[in-house]
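Working notes, structure below.
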Amino acid sequence: METSATETILITGGGGYFGCRLGCALHKIGRKVVLFDIHRPIQQMPDSVVFIKGDVCNYLELEAVFRNVDCVFHLASYGMSGREQLNKKLIEDINVKGTEHVIQACLSNGIPRLLYTSTYNVVFGGQVIKNGDESLPYLPLHLHPDHYSRTKSLAEMKVLRANGTKLKKGTGVLQTCALRPAGIYGPGEQRHLPRIVNYIENGLFKFVYGAADSLVEFVHVDNLVSAHILASEALTGRKNYIAAGQAYFISDGKPVNNFEFFKPLVEGLGYKHPTIRLPLKLVYFFAFLTEIIFFGVGRIYNFQPFLTRTEVYKTGVTHYFSLRKARKELGYNPQEYNLSEIVEWFKTRGHGHKVTTYNIKCFMWDVIYLILLFAVIMSWLPVVSA
């Protein structure tokens, strides 16, 4: 089954940031692109790119839209960060049941290729990993600190197990693979960067945490797009189906301290990068208390948790992976990027430090911050018996 300019590509979760970038790149090289999502694309798309509103949780909608499709990129997921991480039912429905529907729709419609966008989290749960590779086993499900990671692991297993399954329509078998990206960044990214900038602008970015030499990884959106297109080609006969049944770690290939990575963004917007460093365990306990408060009052006041336990691990514990397999089998060669284009993107939208006087709002935020910090420190300290 060879790739061709006339093939039709369907992207679940195509209305999101990465889905739009991938769709535009595929359109640019001549593919017919269909975006499938419950939300319309967040950016302007070429007129010939088709958008179909639908939900991966609804199998009938999927089955109908998957007809006459040659390749599926399954990006749709839920619960990656913030308050979304605490909605277990929706996470389960979209990440696991939705993936089962996608696999079944591919088999029923004779679609020969399925690529799944997974995550580092399928093997990482807070333990130190240095230059890990794809031979690492899945993290035992009960050790995942959040439901998102647990369900993404289940979904990846299902996709890879489906590799080689006979298609119910036409001839041949389903070829599948999974890409495990690091944290995604790029101009216009809508999930993590706006939240970080919001914290910076509201004076909440007061400290860093974890060891100064802890290392994590990121991947620029265009590098991730390149990896997906290369993987789709590696599922064809022209590439001897080399990616079939395989998983690949994808990043920029440059491990870096999480807070040092974002320092150019903080200073580029005119703010001071914090110098106070707190112990990782202390911040983890603070995140734990935040989750408890959310579960208690979230239905009444659906606030955005400052940090979740998983976010503390992902940003403060060393974990990075080798690109050797992706380079060798996919031909993946990440390009170099920095945060300058992201700083400019935010500046053109009115963000950046503005000289203001110290007002009651600033005072209240400082009081709340000090109270929370004091409460966490006191709760964290061991109880002294009489």
Side-chain angles (χ1 to χ4, degrees), residues 74-75 77 79-81 85 91 95-96 99 103 114-164 175-184 210-211 213-220 223-224 226-228 230-231 234-235 241-258 261 280 284 308-334:
H74 181 33
L75 278 53
S77 66
M80 180 183 296
S81 60
Q85 285 190 341
I91 292 172
N95 296 353
V96 180
T99 299
I103 294 170
L114 169 61
L115 293 90
Y116 179 62
T117 305
S118 186
T119 171
Y120 273 16
N121 298 13
V122 299
V123 300
F124 173 71
Q127 77 278 32
V128 172
I129 300 176
K130 297 181 179 180
N131 206 37
D133 61 28
E134 290 79 1
S135 67
L136 286 172
Y138 287 104
L139 185 72
L141 295 178
H142 69 280
L143 294 182
H144 283 290
D146 66 290
H147 202 50
Y148 170 81
S149 301
R150 188 179 304 111
T151 54
K152 290 291 285 187
S153 185
L154 285 168
E156 182 186 295
M157 293 178 195
K158 290 177 182 292
V159 169
L160 296 183
R161 279 201 299 263
N163 182 69
Q175 311 283 354
T176 70
C177 72
L179 301 186
R180 301 168 174 173
I184 304 171
D213 61 353
S214 66
L215 299 175
V216 299
E217 288 186 297
F218 296 89
V219 60
H220 190 277
N223 279 334
L224 188 56
S226 171
H228 277 69
L230 289 168
L235 287 179
Y241 309 104
I242 192 171
Q246 301 299 311
Y248 300 91
F249 290 112
I250 302 296
S251 71
D252 285 349
K254 291 188 172 182
V256 61
N257 179 267
N258 179 78
F261 178 79
L280 184 75
Y284 183 85
T308 64
R309 288 173 294 164
T310 298
E311 289 171 336
V312 174
Y313 276 155
K314 289 171 67 175
T315 54
V317 176
T318 291
H319 62 293
Y320 58 91
F321 299 86
S322 169
L323 294 179
R324 181 178 179 182
K325 183 178 178 181
R327 291 180 187 275
K328 180 180 179 181
E329 297 184 5
L330 304 183
Y332 176 62
N333 182 32

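Just so you know, residue 1 is the first one in the sequence shown, and it goes up from there.
- For Thr315 and Asn258, the side-chain atoms include no donor-acceptor pair closer than 3.5 Å.
- No donor-acceptor pair closer than 3.5 Å links the side chain of His142 to the backbone N or O of Pro140.
- Applying side-chain hydrogen bond (donor to acceptor under 3.5 Å, both in side chains) to Tyr120 and the options Lys152, Lys314, Glu217 leaves one that passes, Glu217.
- A pairwise comparison of heavy atoms in Leu230 and Gly331 identifies CD1-O, 3.7 Å as the closest pair.
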Which donor-acceptor pairs under 3.5 Å do side chains of residues 323-330 form with protein atoms, sequence neighbours excluded?
{"from": "Lys325", "atom 1": "NZ", "to": "Gln246", "atom 2": "OE1", "distance (Å)": "2.7"}
{"from": "Lys325", "atom 1": "NZ", "to": "Ala247", "atom 2": "O", "distance (Å)": "3.2"}
{"from": "Glu329", "atom 1": "OE1", "to": "Tyr248", "atom 2": "OH", "distance (Å)": "2.6"}

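- The OH atom of Tyr332 sits 4.0 Å away from the CG atom of Asn223 when rounded to the nearest 0.5 Å.
- Shown here are the salt bridge (Lys or Arg N to Asp or Glu O under 4.0 Å) partners of Arg180, two or more places apart in sequence or in another chain: Glu156.
- The aromatic ring centroids of Tyr284 and Tyr313 lie less than 6.0 Å from each other.
- For the atom pair CG of Leu139 and CZ of Arg150, the computed distance is 9.5 Å after rounding to the nearest 0.5 Å.
- The line from CD1 of Ile103 to OH of Tyr116 is 9.5 Å long, rounded to the nearest 0.5 Å.
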### Message
Under the criterion side-chain contact (heavy atoms from CB on, under 4.5 Å), I'd like the reasoning laid out for Asp146 against Ile91: C-alpha separation, chi angles, the key distance, then a yes or no.
### Response
CA-CA 10 Å; Asp146 66 290; Ile91 292 172; over 6 Å; no
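- Note that OH of Tyr320 is 11.0 Å distant from OG of Ser214, once rounded to the nearest 0.5 Å.
- When every heavy atom of Ala231 is checked against every heavy atom of Cys177, the shortest pair comes out as CB-SG, 4.1 Å.
- Within the model, atoms CG of Leu179 and CG of Leu224 stand 7.0 Å from one another, a figure rounded to the nearest 0.5 Å.
- Of the candidates Thr117, Thr176, Thr99, His74 forms a side-chain hydrogen bond (donor to acceptor under 3.5 Å, both in side chains) with just one, namely Thr99.
- No donor-acceptor distance shorter than 3.5 angstrom exists from the side chain of Ser322 to the backbone of Asn131, with no hydrogens or angles considered.
- Atom OG1 of residue Thr318 and atom CG of residue Asp213 lie 6.5 Å apart, to the nearest 0.5 angstrom.
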